[in-house]
Each structure stands twice: as C-alpha cells, then as structure tokens.
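All remarks here apply to the structure that follows.
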Protein chains: 2
Amino acid sequence: MKATIKEVAKEAGVSISTVSRVINGRDRVSKQTLRKVQQAVDKLQFRPDHVARTMINKKTKTIGLIVPQLSNEYWALMSEVIQNELWSMGYTTLICSTDSEVDKESAYLKMYIERRVDGIIYCSFPYTQGATQDQVDILRQSGIPVVTLDPAISGFSCVVGDHLFGSFSAVEHLIQLGHRSIAYIGGPAVSIEREFGYRKALMMYGVNVEESLICLVNGQSFSDGHNALMKLRESGAAFDALFCGNDLLAFGAIKAMEEAGVRVPEDVAVVGYDDIFSARLFKPALTTVRQPIPDIAKELVTLLIQAVDLDPDQRPARKIVIPTELVVRESSGAAQPVAASD
Amino acid sequence: MKATIKEVAKEAGVSISTVSRVINGRDRVSKQTLRKVQQAVDKLQFRPDHVARTMINKKTKTIGLIVPQLSNEYWALMSEVIQNELWSMGYTTLICSTDSEVDKESAYLKMYIERRVDGIIYCSFPYTQGATQDQVDILRQSGIPVVTLDPAISGFSCVVGDHLFGSFSAVEHLIQLGHRSIAYIGGPAVSIEREFGYRKALMMYGVNVEESLICLVNGQSFSDGHNALMKLRESGAAFDALFCGNDLLAFGAIKAMEEAGVRVPEDVAVVGYDDIFSARLFKPALTTVRQPIPDIAKELVTLLIQAVDLDPDQRPARKIVIPTELVVRESSGAAQPVAASD
DNA sequence: TTGAAAGCGCTAACAG
DNA sequence: CTGTTAGCGCTTTCAA
C-alpha cells in the first residue's frame, strides 16, 4: 500500500540514506541518482511517514487548540483563522471543543501532551479555580509552550481583550444617550471584567449601581440571554437600556423582550459584545463592542511560535492587549434617527 | 522534562518490558512490581509517547476532516459534532478548512496521508472535475478509508442529503402558496441537485421554467446572495417568490431586497436551505429545508469507523441518504397571517 | 512473572 | 557524493 523508504531505495538501487537526502533536499546528490530516486518515488507513490520523522526530530509540527464551543460563531471564526495562520507556518492544528467542561479540558490536555504537540493555544479556562490549578500544573510540567486567550496564567504568554475599557465604552455610550437605568447580563470568566467596566462607567458618570439590574448567567448562549431577560423582568426591575456580555446573550435578550412586547431600541437600548457576523444581520442591527478576531488569532499564533523553539525557562511570558472598538448600530437607538412617531 | 519508559524502568528497577506491561495492563505482573512501577510512573509523571506507539501498532487514532469553511455556521456545527463523536470513539480530529480552493484541498490531503491518519471525512469537493479526479486517485492509492458528504465517489462510502426532494418540497410549498414566478439562486456542487429539485417542482405543477429567473453563483455566502439578487433585479426579472440554495444566500438576498424596498414575504416569499441556527433568529424568520446536522455527522463517523479496521478491498461502499424536512416560518408568508393592512 | 532483543520508518553522524 | 550504522520510545516475540 504505502511504500517505505526502504522499498524506494531498493527500487532505485541506492541506499536509504541517499533516498533520505533526495526527499529532504539537504545534502547534494549527483544528478543521476537524483533522477533514479525520483523515478522510484513517483513509481511507488512514496510519501515520507511523518510519524517516523517525528520520532527523530522531536517536532510534531502540530499545535493543539482548545476552544469552549466550536459551533459558536465567534470561536468558529477564531479557529478558522488560527488554523489557516498555523498552516501557513507549517503547522497542523488539532481543534477540540470543550463545552466548558472541566473533565473534557483535562482529557484533551492530556491527549495533547501524549501526542507531543509542539504547542497549545488555550482559549477556554474552566471557571472553578481548583480545577484550573491542576491543568496549569500539568501544562507546566509537560514543558509544552502554551498561550492563552484572556485569562493570564503566570509563566505563559497571553492575549487579552481590553474588556474593562470595551464595556466601559459600551456603557458610556448608553449613558451619553441619556439612559440611567442600565441593566447588565453577563457571566463568569472574562465577563467579570466586562461587569467591572459596566460598574466603572456607571460610577464615573455618577449613576447609581443598582444590583437588581445585574443578572449573572452561567452560559453564553442565545437561550441564556433569553432566560436572563425573563428573570430580570420577573424580578420587576425597570430599565431603559441593557448591556450584555456578548452578542449571543444580547440576541436572546432582545428576542425575549420582543416576545414581551418591549421594543428595541425605542423602549430599551441594547449593546452587545464581540461583534460576531450576525450582529450586522440581526434586527435591529446590534450595537456592540468589536473584538478583532483576526488580530487576536495572529497574536496568539505569533506568540506561540516564538516560544516553540525556545527552552521552557527562557520563554518570555508576554501579555498583549487587543484594543476594542465600539460599533454603533441600530439596537442602541443612536445610529438612526428615532421614528417620527416617537 | 518528559520521562521515557526507560527512565521509569530504571527508577523502578525493572526492565522496560515490564513497565510496558504495567501501563498497558495486558500481561499479568506481580503485585510487588506493579506497585513499584506505578510509583515510578507517578513520581516521574510519565505519559507514554503516542508517536512511538503509533510506529508500532500502525494506528494514529486520528481522523482528518475537510470542510469548505469552518467559520460558516453550518460547517462549524458539523465539525463540532463530528469531533465530539470521534472523540467518544477514541479518535482525535484534524480539522482543515479549504475555502473551496483546490490547491488547499490537495495540500491537506497530502498532509493527512503523510501523517497516516486512520481515515478521512471529506466534506468539500472542488468543483472542477479534473482536479477532483486527482484527489480521488491520491486517496485511493493511499489505502486510507474515506467517507464523503454529498458527492459520491465510487469506492467510498458517502452520506448524502436528499437535495432533490428537499428543494422539490421547498418549491412545492411556494407553489401551493399561489406563487408562479419563482426565482432561484444557487451554486455549483450539491446545489445543482437543488436546482433540479426546483425545476422538477415547477414542471410537475405545470409552471413554466423561466431561465431568466435562475441565478447561478460561485460561492455560498451572504454576499453572494446579496449580489445575486441585485443581478436578478438589474436584469429586470419579475418574481413573487425566491428559493435559495442555502440559508446564507437567502439572508443576503433578503437584505438586498430590503435595501431595494421589496418586502419579504409580502412582495416576495423566500425559502432557504439547511436550517442553520440563525434561520430562526433572522427577520423574517426563514422558511427553510432542514438538514439534520447531528444525524449526518453520526452517519459519517459510523461509516468511517466501520471501514477503518477493514482491508481496503473489502470495505463496503455504502450510501446513506439523509431525509430533509421543510420548516415553515415567516419568510414564505405562510406561518403567520399576513398583516391586516395587506 | 520477567528480561533481552528485534524492530516500526526515518534521520544523522561517520566513514569511505 | 554515497553507504553503514546507531538510534527515536515504544511494543512484542522469545527465552529464561
């Protein structure tokens, strides 16, 4: 089926090292043997076994990527860009989707280590602190370079979004539009910083922080947003604006408001976070804080590849902050003039 | 850094074969040595090298997946489900996104072969027939089991959507709603069958097939749909319904109509294909033909894993057709009563 | 029950 | 320029 270097050598009537030379193109080989070998290679459809090569040069040329949910638009695009970027640098990507389950993460991590990946891009940290520590220890001992997105782990490089500033500007935008009762729906992990940005904006503008307007959820999906809004309404809280920890949450919340007869942005102005592709398509088009995925992906890859060829102890632990940008659309009621009837 | 079996053997004071026995749990080992070895393993944080194992048992426990575009909602979910499914069967997935570029596909395929993946799930065939033949030959000679989604390749198993029936039912739906000027926007590849379904429905119902209402595009993205609709309008074609080869195309087309002041579904009823998650969120909610991604993914994985342990010549080439289902929502104007003003 | 030794397919010195 | 040889880390006979 698949020929080995040995068979090629026999076919070409040379030694296996000569064949090795030809396929690697490093050492010089006489034109004659070169041709002979090439013919044999073609005839036998020989392709060097990457696994065997790995045994020798200790490089799998493989990077492990961990994301919370591949089917989420945000992570799908992130994964695609990372995969492309790595491919252009000669690497293959192993992508695993954890569903934010701690056990899965550990399992994937172990698998990556056993497979001797050259590096790991870690975009999903479990929320429970204890578990996290375990993973970090495993990772450290493995000696495999790691870069993370968002939660910084000491000793590893990371890329972080400017969540505090991003959400600050989102809420500031709502305040400047005249809103004073601004609700917040968000979750754990990075969303905590987004909540801080929300609080900071309110405080800086002298708006009272109303704890009953803050709804914390566990997930970050459409239905989580939907449920959160229902809860908020049931609690009897009144608000004329809403900031959500991500776009999907915002979609769900807006849907729930619609169902309840609340108009967006006329009754409640909404701002999301991420600027996924659908944000533009959504109706009303979502005002949101853009996180430039391609930039983030490139930084992650660059940081990781830099670390790959270095000894574990001399790998820099850099931290790169990615700036965010407020994208104003219809859902905050600022992009377009309010209807005449209003 | 990472300990080898040799070091564990030394640490435990036994031979490497004994260590091998312990970590594989196959042969019996005396309780004493068992404990000694386990201690050594724990102490050195030993994890067997998957690469070295692969050299021996000839199984990488890795499956290569090729999709056209990972950032596309449809493929993202498909990839996630496939990855999960394979993981539960002990396999790791290598995911590559080709952007439908022939060169990339070839490159990925070659990489998969060199890495000795145990199987390939091929969800993206380039459109140019000549190039396709090359890939097929490469694949055949490699002896690696392959399953494809949609385009059937002789000798390999495949899973196909029931495109002809699916699009037939979509167009039938529009006809039953009273439409007679039904436009079609679609592309190459599987969309050809969807076009046939469109034609068939028109013919069966005695509606004249108006070639000027058929707009073929090359891609399958939002902007392709947008452009297609503009072209259709510029050509002066008049239609009161539109069937699109996929949901994204439909989104783009609807957006273009909106911009031109055409109301959906009042002026033009629209039906898409796939039923991606956004179809529900879109406004108007999209009537579309559902392709059950989880079912498709499971079939693909099952077929592939069945083939993995068989000799190339006795692998069955099965073909599984996945039924589709028309999901009626607002965009076709049937789900909800038309507004009173109409 | 355990150890020694022979590879898996390839690369990399080291000789010729 | 080319061939020989020694492994990479592990599993697997085959003896002991």
Side-chain angles (χ1 to χ4, degrees), chain A residues 1-38 40-41 44-62 111 113-118 142-144, chain B residues 1-38 40-41 44-62 110-118 142-144:
Chain A
M1 197 167 342
K2 41 205 163 194
T4 72
I5 197 174
K6 217 168 167 180
E7 295 164 324
V8 175
K10 196 157 83 180
E11 174 73 29
V14 297
S15 74
I16 58 169
S17 23
T18 300
V19 177
S20 176
R21 279 177 193 113
V22 172
I23 60 181
N24 288 299
R26 272 203 260 286
D27 290 312
R28 340 202 110 277
V29 177
S30 81
K31 283 218 172 93
Q32 269 203 13
T33 39
L34 180 71
R35 223 189 29 248
K36 278 196 299 185
V37 173
Q38 282 172 336
V41 166
L44 272 51
Q45 289 282 328
F46 171 74
R47 324 199 122 276
D49 184 333
H50 181 264
V51 177
R53 282 180 159 170
T54 296
M55 292 276 330
I56 298 162
N57 49 228
K58 305 292 177 203
K59 293 278 175 238
T60 53
K61 284 293 179 181
T62 304
M111 183 269 283
I113 295 173
E114 284 177 5
R115 292 190 176 231
R116 304 278 188 261
V117 296
D118 295 337
S142 74
I144 297 177
Chain B
M1 194 167 344
K2 43 207 161 193
T4 72
I5 196 174
K6 217 168 166 178
E7 295 164 324
V8 176
K10 196 156 83 181
E11 175 72 29
V14 297
S15 73
I16 58 172
S17 19
T18 300
V19 178
S20 177
R21 281 179 190 108
V22 172
I23 59 181
N24 289 298
R26 271 203 259 286
D27 290 312
R28 344 200 109 278
V29 177
S30 80
K31 285 221 172 91
Q32 268 204 14
T33 38
L34 180 73
R35 223 191 28 249
K36 277 196 300 184
V37 172
Q38 282 173 335
V41 166
L44 272 52
Q45 289 282 326
F46 171 73
R47 324 197 122 277
D49 184 333
H50 181 265
V51 177
R53 281 181 158 171
T54 296
M55 292 268 349
I56 298 162
N57 51 228
K58 303 294 175 200
K59 292 277 176 239
T60 53
K61 285 293 180 181
T62 305
K110 276 184 200 157
M111 183 268 282
Y112 284 157
I113 294 174
E114 286 177 5
R115 291 189 177 233
R116 304 282 187 260
V117 295
D118 294 338
S142 74
I144 297 176

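Order of the sequence lines fixes the chain letters, A, B, ..., with proteins taken first and strands second; residue numbering starts at 1 for each chain.
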Next on the checklist: Counting C-beta onward and ignoring hydrogens, is there a side-chain heavy-atom pair between B/Asp49 and B/Thr4 closer than 4.5 Å?
Outcome noted: no

Item to check | Nucleotide D/dT2, atom C1' - distance to CG of A/Leu34 in whole Å | outcome: 14 Å

Next on the checklist: Looking at every non-hydrogen atom in both residues, tell me the closest pair between B/Gln38 and B/Val22 and how far apart they are.
Outcome noted: CG-CG1, 4.4 Å

Checklist entry - Just checking, is any N or O donor in the side chain of A/Ser17 or A/Ser20 under 3.5 Å from an acceptor N or O on the other one? => result no

Next on the checklist: I need the minimum non-hydrogen distance between A/Thr60 and A/Val117, along with the two atoms involved.
Outcome noted: OG1-CA, 3.5 Å

Item to check | Overall bend - the helix from C/dT1-D/dA16 to C/dG16-D/dC1, comparing terminal axes fitted on five pairs, nearest 10 degrees | outcome: 40°

Checklist entry - Across the strands shown, which category fits B/Thr54 at heavy-atom distances under 4.0 angstrom: base, sugar-phosphate, nothing? => result nothing

Item to check | Atom pair CZ/OG1 of A/Arg115 and A/Thr62 - distance to nearest 0.5 Å | outcome: 9.0 Å

Checklist entry - What is the minimum heavy-atom distance between A/Ala52 and B/Met55, and which atoms define it? => result CA-SD, 3.5 Å

Checklist entry - Which atom names give the shortest non-hydrogen contact between B/Ala40 and B/Ala12, and what distance separates them? => result CB-CB, 3.8 Å

Checklist entry - In whole angstrom, what separates A/Leu44's CG from C/dG9's C1'? => result 15 Å

Checklist entry - What one-letter contact string describes nucleotides 8-16 of chain D from 5' to 3', where B marks a base within less than 4.0 Å of any protein heavy atom, S marks contact via sugar-phosphate atoms alone, and - marks no contact? => result BBBBB----

Next on the checklist: Looking at every non-hydrogen atom in both residues, tell me the closest pair between B/Ile113 and B/Ser142 and how far apart they are.
Outcome noted: CD1-CB, 3.7 Å

Checklist entry - Looking at B/Ser30, does any N or O in its side chain come under 4.0 Å of the phosphate oxygens OP1/OP2 on C/dT2? => result yes

